[in-house]
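Keep in mind that the numbers below use all heavy atoms, side chains included, and drop hydrogens, waters and symmetry copies. As the structure is a computational prediction, the values presented were derived from the model and not from experiment.
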Amino acid sequence: MPVYYWSAENGRAEVDFVVQHAGKVIPIEVKAEENLQAKSLKSYCQKYNSQLALRTSMSDYRKEDWLINIPLYAIGEIVDL
């Protein structure tokens, strides 16, 4: 599966990984700690009308309307989503 990176034209936003799975383009943001701000991810989703985004962090699993947070220890489970 090819993995891509996205950066806004003005350089103020970036998404760590962008993958295609089951016909959908999914942005993935990786956070090393519990900093859960997802400004770049939200910017990407608004610009490209993405219905789903993934974030990995030290926080527990949580699913919101447009975002799923996956704990870093469970990162291998991303393909099962």
- Item | Trace of the side chain to side chain contact (heavy atoms under 4.5 Å, CB included) decision for Y48 with V25 | CA-CA 10 Å; Y48 295 105; V25 176; over 6 Å; no
- Task: Give the C-alpha distance, both sets of side-chain angles, the deciding distance and a yes or no for side chain to side chain contact (heavy atoms under 4.5 Å, CB included) between W66 and L41.
- Result: CA-CA 10 Å; W66 63 280; L41 209 48; 4.2 Å; yes
- Can you see which heavy atom on A32 is nearest to which on L72, and at what distance?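 Smallest interatomic distance, heavy atoms only, reads O-CD1, 4.0 Å.
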- Among E29, E64, R55, K31, find the one that has a side-chain hydrogen bond (donor to acceptor under 3.5 Å, both in side chains) with N69. R55
Spacing of [X] atom [atom1] and [Y] atom [atom2] [to the nearest 0.5 Å]:
X	Y	atom1	atom2	result
K63	I68	NZ	CD1	5.0 Å
S43	N10	OG	CG	8.0 Å
S57	I70	OG	CD1	9.5 Å
T56	Y61	OG1	OH	14.0 Å

- Task: Could you pull out all residues at least two apart from N49 that satisfy side chain to side chain contact (heavy atoms under 4.5 Å, CB included)?
- Result: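 By the side chain to side chain contact (heavy atoms under 4.5 Å, CB included) rule, N49 matches Q51.
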- Task: Mark yes or no for whether D16, through its side chain, and I28, through its backbone, hold a donor-acceptor pair below 3.5 Å.
- Result: no
- Task: Give a yes or no answer on whether the side chain of S40 reaches the backbone of E14 with a donor-acceptor pair at less than 3.5 Å.
- Result: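 Yes, because the side chain of S40 sits within donor-acceptor range (under 3.5 Å) of the backbone of E14.
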- Query: Tell me, do P71 and S59 make a side-chain contact under 4.5 Å, heavy atoms counted?
  - Reply: no
- Query: Heavy-atom count around D65 CG within 6.0 Å, excluding the residue itself: above 12?
  - Reply: no
- Message: Before you tell me yes or no, could you show the steps for Y44 and V18 under side chain to side chain contact (heavy atoms under 4.5 Å, CB included), namely the whole-Å CA-CA distance, both residues' side-chain angles and the distance that decides it to 0.1 Å?
- Response: CA-CA 10 Å; Y44 176 94; V18 180; 3.7 Å; yes
